[in-house]
Amino acid sequence: MSNDVPAGEKRPVFAGNWKLFGTLAESVALATDVQAGVAGVDGADVIVAPSFLALATVTARLGAGGPANRVAVAAQDCYWEAKGAFTGEIAPAQLVDAGCRYVIIGHSERRQLMGETDADVNRKTRAALGAGLKPIICIGETLAERDGGTTLAVVERQLDAALRDISDADLGRSLVAYEPVWAIGTGRTATPAQAQEVHHTIRTRVAATRSAAVAAALPILYGGSVKPDNIRALMAEVDVDGALVGGASLSADSFVRIVKEGTEVWLRS
Ligand code: PEP
């Protein structure tokens with residue numbers, strides 16, 4: 001398992017979002033167990049996203065295994081300014097300094113609980129790319145929006161806003177995560193068909209606004225109550241390229257099963 005992807009080669013991506021969980025010791029232990037568990041998995045990119053405070057320690061510990069079996073590390077958020085009087089914020093370059101290669105941007109918990117807007121998501125995405133991080137851009141509709149029949153319009157609006165003024169080359173270093181808000185942490189997963197419909201819409205939108213090649217290369221992850229027992233069906237969908245996993249990533253056993261089973265389905269299809 002390696003995260004050094006040759007240009008043009010697309011691989012499934014599995015990212016664990018640890019949210020506000022874990023002491024330093026627990027984070028290091030979980031990351032170490034994940035790294036050991038996926039060591040034999042060939043052909044997937046595996047990412048863990050601990051809290052800010054654990055990032056440097058976790059990246060240092062994972063890096064000791066060498067690039068051949070390194071699990072990459074993501075932050076769960078970043079700010080858009082590089083430096084200055086922004087108390088409590090963390091700049092993308094500081095995340096790079098801590099060993100991060102990815103950053104989750106626009107998670108629905110940040111949009112809903114911290115008031116993050118589409119414009120903020122765009123500013124953060126551009127700043128992350130400018131610092132050399134790969135953004136995992138989260139988009140997804142609320143239950144009211146789904147029930148109101150506006151899912152696809154909402155997702156297209158969020159996508160267009162997040163990608164404003166981002167070059168095709170930078171989009172080539174980005175990932176999109178479709179996370180229906182009603183499925184996050186609720187135990188209620190989108191059906192594979194629901195996920196596929198939205199993923200296809202995202203890819204079609206990128207093809208229309210960029211090019212077919214850019215759209216085909218874009219990793220689109222599904223997130224929302226992904227578990228070992230539903231990853232196979234989700235990964236069997238043609239436009240599902242991986243998963244952003246919350247609760248089930250807090251156990252190395254279940255996250256490693258998701259990585260292994262998801263990769264197996266990807267390689268077969
Ligand atoms: C998430 O936090 O991005 C997520 C999808 O959470 P869960 O898997 O717990 O629904």
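Counting starts at 1 for both ligands and their atoms, following the listed order. These numbers come from a predicted model, not from an experiment.
Applying the 6.0 Å contact sphere to CG of Leu113 captures more than 12 heavy atoms from other residues, nucleotides or ligands.
Polar contact with ligand 1: present for Asn17 (N/O pair, distance under 3.5 Å). For a threshold of 3.5 Å applied to N or O pairs, the pair formed by His107 and ligand 1 contains at least one separation below that value. For ligand 1, the polar-atom distance check finds an N/O of Gly246 within less than 3.5 Å of one of the ligand's N/O atoms. For ligand 1, the polar-atom distance check finds an N/O of Gly185 within less than 3.5 Å of one of the ligand's N/O atoms. Considering backbone and side-chain atoms together, Leu244 places no N or O closer than 3.5 Å to any N or O of ligand 1.
For the 3.5 Å distance criterion, the side chains of Gln158 and Asp118 fail to qualify, holding no donor opposite an acceptor.
Taking every heavy atom of Gly223 and a limit of under 4.0 angstrom, the matching atoms of ligand 1 come to 5 (C). Every atom of ligand 1 is numbered from 1 in the order shown, and the set under 4.0 Å from a heavy atom of Ser225 is 7 (P), 8 (O), 10 (O).
Scanning the protein heavy atoms around atom 9 (O) of ligand 1, the nearest turns out to be Gly247 N, 2.8 Å. For atom 3 (O) of ligand 1, the closest non-hydrogen atom on the protein side is Glu179 OE2, 2.7 Å.
By the criterion of a heavy-atom distance under 4.0 Å, the backbone of Ala183, and not its side chain, is placed next to ligand 1.
Partner of Asp45 under the salt bridge (charged side-chain N to carboxylate O under 4.0 Å, His left out) criterion, chosen from Arg101, Lys10, Arg11: Arg11.
Taking CZ of Arg157 as the start and OG1 of Thr150 as the end, the distance is 9.0 Å to the nearest 0.5 Å.
Judged by distance alone, with hydrogens and angles left aside, the side-chain atoms of Thr189 form a donor-acceptor pair with the main-chain N or O of Ser225 at under 3.5 Å.
If you chain together ILVMFWY residues whose side-chain heavy atoms come under 4.5 Å of each other, Trp80 ends up grouped with Tyr79, Phe86.
Taking the six-membered ring for Trp and thresholds of 30 and 60 degrees, His199 and Tyr222 have ring planes inclined between 30 and 60 degrees apart.
Under the 4.0 angstrom criterion for non-hydrogen atoms, Lys227 is not in contact with ligand 1. Remark: distances from the non-hydrogen atoms of Gly224 to ligand 1 include one below 4.0 Å.
Ion pairing of Arg123 with Glu81 is absent here, as no side-chain N (NZ or NE/NH1/NH2) approaches a carboxylate O to less than 4.0 Å.
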